[in-house]
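The structure appears below as C-alpha cells.
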Amino acid sequence: MVGFDAIYFDGRSSAKRPVRVEGDERRLLITGADVNVVVPRSEARWQPPVSGQRHVVNLPGGAQLQTEDAAALARLYPQGPGAEAWLRNLESRWAYALASVVVIALFAAWTIVYGVPLAAKHIARYLPPSLERQVGEQTLAALGQFCAASALSQGRQDQIRARLAKLTAGLATPLPYQLEFRSCGLRVGPNAFALPGSTIVVTDDLVTLAQNDDELSSVLAHEIGHVLHRHSMRQALQAAGVAALVTALAGDAVSITGLAAAIPTLLLETGYSRQFEEEADDFALQRMKDVGIAPRHFAEMMKRLEEHEQRSRGTKVKGETSLADYLSTHPVTRKRIERALAADR
C-alpha cells in the first residue's frame, strides 16, 4: 500500500479539497473531509509531469488528483507516467526495440528517396505563378555573382529568341517565356539554366559552341522541358528539405523566395537528377519533331559539349577549378545520345 497527500478536484467544480490517497495494484482509496471515493487502479492515469508543477493523476469523469509527492507516485507507478510506461514496456522487449529501429530506418530512407521529392513535386505544382516569378527574378539577380551582361549583339539575341518563340508556341504555361543571355566566362562555360517563372538563361559560350541554330534549339527545347516540369523549384525544395516543404505548405512567401539565393549554386554545382534530365529529354525530342527540327541535332550538340569538356580538362591550369559547364549540370551519357539518334529515325 502506498499513501500520499493530494489535492482533489471532482471535475464538476473548481473547488479543491485536501485528501489522503491510499493505493495498491487494484485501487485508489481517496478520503477527505467530504470525499470518499474508490477508483480502480487501471482507470487512474499518472500524467507526465510538467517542470515546476504538481504531479497529476487523472481520474474517471474528469476528476483529478494533484500532488507533490513524486516518490509515492513512482512507487505506485513503477513503470512511469502515461506513455512512458508503454515505452518502457516496449524497451524491455528487445524484439520490439529492434523492429522499431528497422521501421525508423526504412521510413527515413523512404522519406529521403521518395517522400521529399514527391512532396516537392506537388508543392511546386501549386505555388502561385506570381511567387514563382518572384523567385525566378531573385535567382536571375543572384546569377550576377557568376555572370556578366551578354556580349552578343541584339540582332543575334533576337534570332535566338525567335527560335524559343517557335518552340513554345501553343504550350500552356502560366507565365510568358523569357530568354536571358549572360557572359559567364570559363568558370561556367557553355551552359543553360531553366529558372522558376519560365525564364531560361543561355551563356554566350553555349551560343558560340553551337554550329547552327538547330543545335541551339535542341538545348532550348530541353530547358523548356525543365520549365514545364518546374524542375528548378523542385530541386531547390528537395535540397532545402523538410523545413522548406513545411514552410511552403504554411504559405510563408518570404522564406520561399529566400530559396532563390540557393538555386544558382544548386544548378551550377549539383545539376538535376537523372529523372529530371530524362523528363526534359523526352519533352525536347518530341517537341523538336513537332516543330520540324530533327532530333539528331540534340545528339550532335551533346557530342559537341562532350568534346568541349574533354578539351577543357586537357588545358585546365593546375590548381584552377571550374564551377560548372553544361555536362556537369546536365550529365551527358551515351544512352541519352542514342535515344536522340533513335528518335530521329
Side-chain angles (χ1 to χ4, degrees), residues 140 143 147-171 173 175-186 188-195 197-229 231-232 267 271-272 277 279-312 324-332 336-345:
L140 184 62
L143 272 174
C147 305
S150 173
L152 296 175
S153 68
Q154 188 61 50
R156 183 62 177 133
Q157 292 185 31
D158 290 343
Q159 289 175 348
I160 301 172
R161 287 193 174 96
R163 287 274 173 162
L164 179 68
K166 179 180 179 180
L167 289 165
T168 58
L171 295 180
T173 178
L175 296 171
Y177 283 88
Q178 179 180 348
L179 184 57
E180 296 287 339
F181 297 91
R182 293 292 184 271
S183 177
C184 302
L186 296 177
V188 175
N191 221 320
F193 315 101
L195 307 183
S198 302
T199 297
I200 296 173
V201 178
V202 173
T203 67
D204 291 0
D205 285 342
L206 185 69
V207 176
T208 302
L209 184 65
Q211 286 195 350
N212 56 65
D213 284 356
D214 282 344
E215 291 183 356
L216 280 178
S217 290
S218 73
V219 175
L220 293 176
H222 179 88
E223 297 306 319
I224 293 167
H226 284 312
V227 169
L228 290 175
H229 290 287
H231 286 159
S232 58
L267 294 178
Y272 293 115
E277 291 298 340
E279 288 177 350
D281 281 357
D282 289 343
F283 171 84
L285 296 175
Q286 183 58 53
R287 190 59 181 168
M288 291 172 69
K289 293 168 72 173
D290 291 342
V291 300
I293 300 175
R296 70 173 181 277
H297 291 294
F298 183 82
E300 290 167 356
M301 192 62 183
M302 292 297 103
K303 291 177 183 178
R304 206 173 311 287
L305 287 160
E306 191 171 36
E307 292 169 357
H308 170 81
E309 167 69 3
Q310 292 171 353
R311 289 195 303 271
S312 298
D325 56 31
Y326 199 89
L327 296 188
S328 64
T329 58
H330 303 69
V332 65
R336 291 180 68 191
I337 294 174
E338 289 175 352
R339 286 175 64 206
L341 293 174
D344 196 59
R345 299 185 187 121

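Each residue takes its place number in the sequence, starting with 1. Heavy-atom basis, side chains included; hydrogens, waters and symmetry copies ignored.
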Output the distance between atom OG (Ser218) and atom CG (Asp213), rounded to the nearest 0.5 Å. 11.0 Å
Under the rule for side chain to side chain donor-acceptor pair (under 3.5 Å), what residues qualify as partners of Arg182, not counting sequence neighbours? Glu180
Shortest non-hydrogen contact between Leu216 and Val207, atoms and distance: CD2-CA, 3.9 Å
Over 60° means perpendicular and under 30° means parallel, so tell me whether His231 and His229 are parallel, tilted or perpendicular. parallel
Spacing of CG belonging to Leu206 relative to CZ belonging to Arg304, to within rounding of 0.5 Å: 11.0 Å
Checking Ile224 against Leu164 for the side-chain contact (heavy atoms from CB on, under 4.5 Å) test, could you report, in this order, the C-alpha distance in whole Å, the side-chain angles of both residues, the deciding distance, and whether it holds? CA-CA 9 Å; Ile224 293 167; Leu164 179 68; 3.7 Å; yes
Nearest heavy-atom approach of Met301 to Ala210 is CE-CB, 3.8 Å
Kindly indicate whether the side chain of Val219, heavy atoms from C-beta on, has any atom under 4.5 Å from the side chain of Val202. no
Closest approach of Ala221 to Leu167 (non-hydrogen atoms, all atoms of both residues): N-CD1, 3.9 Å
For the CZ atom of Arg336 and the CD atom of Glu277, what is their distance to the nearest 0.5 Å? 4.5 Å
State, yes or no, whether a side-chain contact exists between Leu220 and Tyr177 at a heavy-atom distance under 4.5 Å. no
Got a sec, which residues hit side chain to side chain donor-acceptor pair (under 3.5 Å) with Ser217, two or more places apart in sequence or on another chain? Arg163
CG/Asp281 to CE/Met302 distance, rounded to the nearest 0.5 angstrom? 7.5 Å
Run the numbers on Asn191 and Asp205 for side-chain contact (heavy atoms from CB on, under 4.5 Å), then give the verdict. CA-CA 7 Å; Asn191 221 320; Asp205 285 342; over 6 Å; no
In plain terms, say whether Arg296 and Asp214 are close enough for a salt bridge, that is, a side-chain N and a carboxylate O under 4.0 Å apart. no
Leu152 versus Gln157, closest heavy-atom pair with distance: O-NE2, 3.1 Å
Residues Pro295 and Ala343: closest non-hydrogen pair is CG-O, 3.8 Å
Backbone N or O of Ala148 within a donor-acceptor pair of the Ser183 side chain at under 3.5 Å? no
With the side chain counted from C-beta on, respond yes when Val227 and Thr168 share a heavy-atom pair under 4.5 Å apart, and no when they do not. no
Are the side chain of Glu300 and the backbone N or O of Glu215 linked by a donor-acceptor pair below 3.5 Å? no
Of the options Ile200, Leu140, Val188, which is the one that meets Phe193 in a side-chain contact (heavy atoms from CB on, under 4.5 Å)? Val188
Ala294 to Met288 - nearest heavy-atom pair and separation: O-CE, 3.3 Å
Any donor-acceptor pair under 3.5 Å from Thr203 side chain to Gly189 backbone: yes
With sequence neighbours left out, what residues match Asp204 under salt bridge (Lys or Arg N to Asp or Glu O under 4.0 Å)? none
Before you tell me yes or no, could you show the steps for Leu228 and Glu279 under side-chain contact (heavy atoms from CB on, under 4.5 Å), namely the whole-Å CA-CA distance, both residues' side-chain angles and the distance that decides it to 0.1 Å? CA-CA 10 Å; Leu228 290 175; Glu279 288 177 350; over 6 Å; no
Rounded to the nearest 0.5 Å, the CZ atom of Phe181 sits from the CZ atom of Arg161 at a distance of 5.0 Å
Nearest-0.5 Å distance that lies between atom CG in Asp290 and atom CG in Leu285: 11.0 Å
